[in-house]
Amino acid sequence: MEKENIAVGLDIGTTKIVAMIGKKNEYGKLEILGVGKSKSLGVKRGVVDNITQTIQSIQLAVKDAEANSGYKIKDVVVGIAGQHIRSIQHSDYISRSNAEEVIGDKDIDLLINQVHKLAMLPGEEIIHVLPQEFKIDGQSEIKEPIGMCGGRLESSFHVVVGQASSIRNIGRCIQSSGIELSGLTLEPLASADAVLSQEEKEAGVALIDIGGGTTDLAIFKDGIIRHTAVIPFGGNVITDDIKEGCSIIEKQAELLKVKFGSAWPGENKDNEIVSIPGLRGREPKEISLKNLSKIIHARVVEIIEQVFVEIKAYGHEDPRRKLIAGIVLTGGGAQLKHVKQLVEYITGMDTRIGYPNEHLAGDSDEEISSPLYATAVGLVMNSIDNNSQSAVKISFSAPEKVNVYRAPVVEMTPEVVEAPEVEMEVEKEVELELPKQPESTEAKIRKSFFDKYVDKIKEFLDNAE
C-alpha cells in the first residue's frame, strides 16, 4: 500500500495557535483532515515570551487536531513572524574555472552557501536565501541558469534575517511539546502561497496579512518575491484602543470590534448605540458606534500607512516595479468591515480580500476557507511540497472475530464444548522511519522554504540539553 503524503502546519500566532493536518486529493487540491486550535498564551507580537505557556498552547492545538483527524502528529512545518524579522537585497557572484563547462547544481549551491556566510548584526541569523534573477557573463534576467555556460555566475538574492534566539525559542517549544520541527517558513510567504494566484505574482502584488500581533507584508513581481516586512502592530492594538477609549474589559472590546466594528466612521449614524453589561451589578455602559469606528479607524490608518511606507520603499512608484494586481488583504484583521475600502482610499491601489479556498478541496469546511486560516493552509502546502510524512494514522486494535459454533436446536446435547484458544494479535503502532529527502538545488531556485536552517536549530537544541 502506498504511503500517504500527510502534511502538518503549525501557525504560532499572537492570538491563536493552529495545527492543521492535510493531504492532496486526486485532483491536486488540499484536503484538510483535521484542525486544532487553542488560545495563544506566551506569545507577544509574534515572539515567544513565555516558553511554558507556549508549550501548553501548542500541545492543546496538536491534541485537538489529532482528535479531529485520527492521525498522530510526528513533525510540523512552523511559521515565523515577529518584529525581529527584516529582509535585505544582496547580489553575489562566483567565478568558474572552466567557462565551457555547463552550469549545474553545485555552482548554484556554492553561490547560495556564499550568501549564507554574509556578516549579520550580533544575534541575527539568515533564515531564507531566495534567489531572484541570475546573470551569466553580463547577460541579465536569466531565471533558469542550469544547463547554460559561462565563467561568471551572478545572482540577486532576497535574504530574510531574524533574531536567532527568537527562532530557537520556537524550536525549543516544539521539541518540548513532543513533536519534531521539519521546516521553517516566513509567515507572509506561507500566506502568499495560500491566497495569491500565479498571475497576480507575475503582474505584481502586495500581500498584507493583518494578524493579532503583527501585520506581515510580502511583495511579488514577475513571479519572484521582491520584498518582505513584519510590522509590529495588528488586531490586538485595535482591541486595546477600544478597551482604553470605551473603559471596558478586553473580552467586551474584542466582541465589540468583531460584531459592530467598522474601519469607516461615516457608515455609522450618531444615534446608533450599543449597550454593554456593567461589571458586578454596575449600570450598563452605552457606547456610540460612531465613536467605536473612529477609534478603529485611527489605528487601522496607522497600520496601513506603515505598510504603505514599506511598499514605497520597495519602489512601487517606479513604472517598471508597478504592482498591477494591487493589494490582497488576508488574516483575521481582513474581516473587519470596510477595511478594503479604507486600504484603497489610503493607497490608491486595487484591493481584494484573500481567501485560501482556491487551493482547498470543494467539500472543505467553510470556516477553514476564512482569511483567518490563510497562514496555516500555506504552511500545510509548504509541508506537502517537501513530501512530508508528518503524521501517521492512529490504529486501534480491533478484537479478532471468533466464529462460534452453534449446534442445531434439535441436536442439543448436555456436553460442554470448549472453544479453541484463539491467539489475539494486537496491532502495534508502527513508528515510520522515513529517509530524509536530500534538498535539491532546483527546489531552492523555485524558492523552496525548507532551508538548512532547520538542521542548525536541531543541532543547537540537541547541544543545549
Side chains of Thr239 and Glu254 only: does a donor on one sit below 3.5 Å from an acceptor on the other?
yes
Can you tell me if CD on Glu141 sees more than 12 non-hydrogen neighbours from other groups inside 6.0 Å?
no
Less than 3.5 Å apart, any donor N or O on the side chain of Asp92 or His90 sitting next to an acceptor on the other?
yes
By the definition side-chain contact (heavy atoms from CB on, under 4.5 Å), identify the one residue from Val102, Ile103, Ile136 that meets it with Cys149.
Val102
Would you say the side chain of Ile327 lies within less than 4.5 Å of the side chain of Asp350, judging by non-hydrogen atoms?
no
The criterion is ring-ring contact (aromatic ring centres under 6.0 Å, His included); which residues satisfy it with Tyr93, sequence neighbours excluded?
none
Hey, are Glu305 and Lys312 close enough for a salt bridge, meaning a charged N less than 4.0 Å from a carboxylate O?
no
Where does the angle between the aromatic ring planes of His297 and Trp264 fall among parallel (under 30°), tilted (30 to 60°) and perpendicular (over 60°)?
perpendicular
Do Lys201 and Asp193 sit within salt-bridge range, that is, some charged N less than 4.0 Å from a carboxylate O?
yes
Hey, is Arg96 close enough to Asp107 for a salt bridge, meaning N to O under 4.0 Å?
yes
Considering only NZ, NE, NH1 and NH2 on the basic side and carboxylate oxygens on the acidic side, decide whether Glu200 and Arg352 come within less than 4.0 Å.
yes
Check Asn5 against Ile384 and note the closest heavy-atom contact, atom names and distance.
ND2-O, 3.5 Å
Give me the atom names and distance for the closest heavy-atom approach of Val77 to Ser182.
CG2-OG, 3.6 Å
Could you check whether any side-chain N or O of Ser166 sits under 3.5 Å from a backbone N or O of Val47, counting only pairs where one atom can act as donor and the other as acceptor?
no
Within the structure provided, determine whether Leu217 and Pro188 are in side-chain contact (heavy-atom separation under 4.5 Å).
no
For atom CD of Gln341, decide whether the heavy atoms of other residues, nucleotides or ligands shown that lie under 6.0 angstrom number more than 12.
yes
Do Ile304 and Thr215 touch side chain to side chain, with heavy atoms closer than 4.5 Å?
no
Going by heavy atoms in the side chains, are Ile55 and Ile174 under 4.5 Å from each other?
no
Has the side chain of Thr351 got a donor or acceptor atom that lies under 3.5 Å from a matching backbone atom of Met349?
yes
Here the salt bridge (Lys or Arg N to Asp or Glu O under 4.0 Å) pairs for residues 38-48, sequence neighbours left out, are Lys44-Asp49
pair Ile21-Ile32: side-chain heavy atoms closer than 4.5 Å:
no
Are a donor atom and an acceptor atom from the side chains of Thr14 and Asn236 found within less than 3.5 Å of each other?
no
Side chain to side chain donor-acceptor pair (under 3.5 Å) between Ser91 and Ser156, intermediate numbers included
CA-CA 4 Å; Ser91 289; Ser156 53; 5.2 Å; no
Mind running side chain to side chain donor-acceptor pair (under 3.5 Å) on Asp216 and Thr214 for me, showing each step along the way?
CA-CA 6 Å; Asp216 307 333; Thr214 59; 3.3 Å; yes
Under the side chain to side chain donor-acceptor pair (under 3.5 Å) rule, what pairs show up with a residue in residues 130-139, not counting sequence neighbours?
Gln89-Gln132, Glu133-Arg226
Are any of the side-chain heavy atoms of Pro371 and Ile353 separated by less than 4.5 Å?
yes
Closest heavy-atom contact between Ala325 and Val205?
CB-CB, 4.0 Å
Could you tell me which non-hydrogen atom of Gln163 sits nearest to which non-hydrogen atom of His84, and how far apart they are?
N-ND1, 2.9 Å
Go through the side-chain N and O atoms of Thr330 and Asp209 and say whether any donor and acceptor fall under 3.5 Å apart.
no
Considering residues, nucleotides and ligands other than Lys63, do more than 12 of their heavy atoms fall under 6.0 Å from its NZ?
no
Between Arg152 and Glu154, does any NZ, NE, NH1 or NH2 come within less than 4.0 Å of an OD or OE carboxylate oxygen?
yes
Looking only at heavy atoms, which two atoms of Ala263 and Leu336 are closest? And how far apart?
CB-CD2, 4.2 Å
Is a side-chain donor-acceptor pair under 3.5 Å present for Thr15 with Ser40?
no
Is any side-chain heavy atom of Val339 less than 4.5 Å from a side-chain heavy atom of Ser262?
no
Quick one: closest heavy-atom pair of Ala19 and Ala61, and the distance?
CB-O, 3.8 Å
Please examine the side chains of Lys37 and Tyr373, heavy atoms only from C-beta on, and report whether any two atoms are closer than 4.5 Å.
yes
